[in-house]
Number of protein chains: 2
Amino acid sequence: MSLRYAMLGLLSERPASGYDLMKRFETSLTNVWPATQSQVYGELGKLAKAGLLEVAAEGPRGRKEYAITEEGLAELRHWLTEAPRERMRRSEAMLRVFFLNILTPLEAVTYLSTEAERAAGRHAGLKELEAAVDWGDDPLSVNGRLALEYGLRFTAMYEEWARWAAEQVQEKSKRGNGTTGDAN
Amino acid sequence: MSLRYAMLGLLSERPASGYDLMKRFETSLTNVWPATQSQVYGELGKLAKAGLLEVAAEGPRGRKEYAITEEGLAELRHWLTEAPRERMRRSEAMLRVFFLNILTPLEAVTYLSTEAERAAGRHAGLKELEAAVDWGDDPLSVNGRLALEYGLRFTAMYEEWARWAAEQVQEKSKRGNGTTGDAN
DNA sequence: ACCTTACATTCCACTGTTGACATGTCGAGG
DNA sequence: CCTCGACATGTCAACAGTGGAATGTAAGGT
């Protein structure tokens, strides 16, 4: 259901064709809500039929430029303010953690260390992004910066957690291994 | 694709029927990989046909107890060690942040503060869980504790970020509002 | 004139997930 | 003996998301 709001949100800045929209998904929203072409065009049709968007202009190559309607803007505002936030449910990463015990301690530590490395890599990537983009005062920049900061904090947190977890596993394996005659 | 590994993982501890499995999903895995009954039974059939599981015993009421096979265990290990981790892509929360500018600064600050509250609430809930469960030395407890710590760190990070973001929005709105005659 | 690249839309097949519905059996307590 | 709750499996329709193929037009360079 979020795709429609992503589209309404992008169109609230300025009108665009499906093609334009795709590019904007690829640049600004890749990291928060990727979408494919089939999805975008399909949803564009539905939203127009529902009156949340309208065809503002037609151009060459059958280009249809869509603009958000008052109704669409109201819907978007409603989503931002009233709609129930759905909490993050699935995490493949944590699912793996749950079953780490079927690996040897060494393998588990390796896994967790790799995760830490990957997080560090992503963190560095975001840092680069921060340096590369010239952050203006336009709304997209302002909000993008907030989201970026979230990414930065998330990756830092994840890296620390993974290193901590690796340590835990290591210690546990030492304790369980060193004293062969430990009580039950 | 992760559902199958969640099931293999649960069955690697001990055999279970579809019904048993459902309960174990609801208890231990609700927060990392929820599953519905239709999914579980469907996947159970597929996994059995693929030779990753086998019907170890049959009981009353048509009960079929599934056990993981050597092949299934190998597949699970492979997933844990070799399989490419897919990184977190979608975040409804960050999508909302991207479009916060269509709200008034006050509304945006309210939204972010509410998010902070919610994160704090979930953090408290996890703390309670930590206190309530008697954490043994069994593998499920050990790994569960690692995942729980992740949840704790995540919710703490998110709360802090949301408070920080609210502050940013507030400051920006003051700067843009207070000095009516500010240059461009 | 020709060719390539960018623009632009539409359709389709497949997988994963949800939620509801259907169907039935066993065991325990009244 | 009977009924109710727990046990137990299965099917279906719908939707969201993925990836790719098909189709074609306009513009720019050589």
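In the text below, chain A, chain B and the rest are named by the order of the sequence lines, each starting its count at 1.
OP1 or OP2 of C:dT18 sits under 4.0 Å from a side-chain N or O of A:R90. Applying the 4.0 Å criterion to OP1 and OP2 of D:dT18, one finds that A:Q39 has a side-chain N or O inside that range. Applying the 4.0 Å criterion to OP1 and OP2 of C:dT17, one finds that B:R4 has every side-chain N and O outside that range. Between C:dC26 and B:R61, no contact under 4.0 Å exists linking OP1 or OP2 to a side-chain N or O. OP1 or OP2 of C:dA8 lies within a sub-4.0 Å distance of a side-chain N or O belonging to A:R63. Contact between the side-chain N/O atoms of A:Y41 and the OP1/OP2 oxygens of C:dT10 is not found at any separation under 4.0 Å. The phosphate of C:dT10 (OP1 or OP2) has a side-chain N or O of A:K64 nearer than 4.0 angstrom.
Between A:E86 atom CD and C:dT17 atom C1' the separation is 13 Å, expressed in whole Å. In this structure, the CE atom of B:M1 is 10 Å from the C1' atom of C:dT15, given to the nearest Å. Taking atom CE of residue A:M22 and atom P of nucleotide C:dC7, one finds them 13 Å apart after rounding to whole Å. One interatomic measurement links the two molecules: CZ of B:F25 to P of D:dA8, which rounds to 17 Å at whole-angstrom precision. For the pair B:L95 CG and D:dG17 P, the interatomic distance rounds to 11 Å; values are reported in whole Å. As a whole-Å value, the separation of A:E58 CD from D:dT25 C1' is 15 Å. One interatomic measurement links the two molecules: NZ of A:K46 to P of D:dA14, which rounds to 14 Å at whole-angstrom precision. As rounded to whole Å, 11 Å separates atom P of D:dA16 from atom CG of A:L47.
Residue A:T36 is classed as a base contact, given a heavy-atom separation below 4.0 Å to a base.
Nearest-nucleotide assignment on DNA chain D puts the 5′-proximal partner with B:K23, out of B:K23 and B:G42.
The base of D:dG10 sits within donor-acceptor range of the side chain of B:Q37, with an N or O pair under 3.5 Å. For a distance-only test at 3.5 Å, the side chain of B:S38 fails to qualify as a donor-acceptor partner of the base of D:dG10.
Side chain of A:W161 to main chain of B:L146: a donor-acceptor pair is present (N/O by atom type, distance under 3.5 Å, no hydrogens or angles).
Between B:E149 and B:R145 there is no salt bridge, since no side-chain nitrogen of the basic residue lies less than 4.0 Å from a carboxylate oxygen of the acidic one.
Of the N and O atoms on the side chains of A:E65 and A:S17, not one donor lies less than 3.5 Å from an acceptor on the other residue. With no hydrogens or angles considered, a side-chain donor-acceptor pair links A:E75 and A:Y5 at under 3.5 Å.
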Quiz item: Can you check side chain to side chain contact (heavy atoms under 4.5 Å, CB included) on B:E160 and A:R153, steps first, answer last?
Solution: CA-CA 10 Å; B:E160 275 176 49; A:R153 289 180 187 224; 3.9 Å; yes
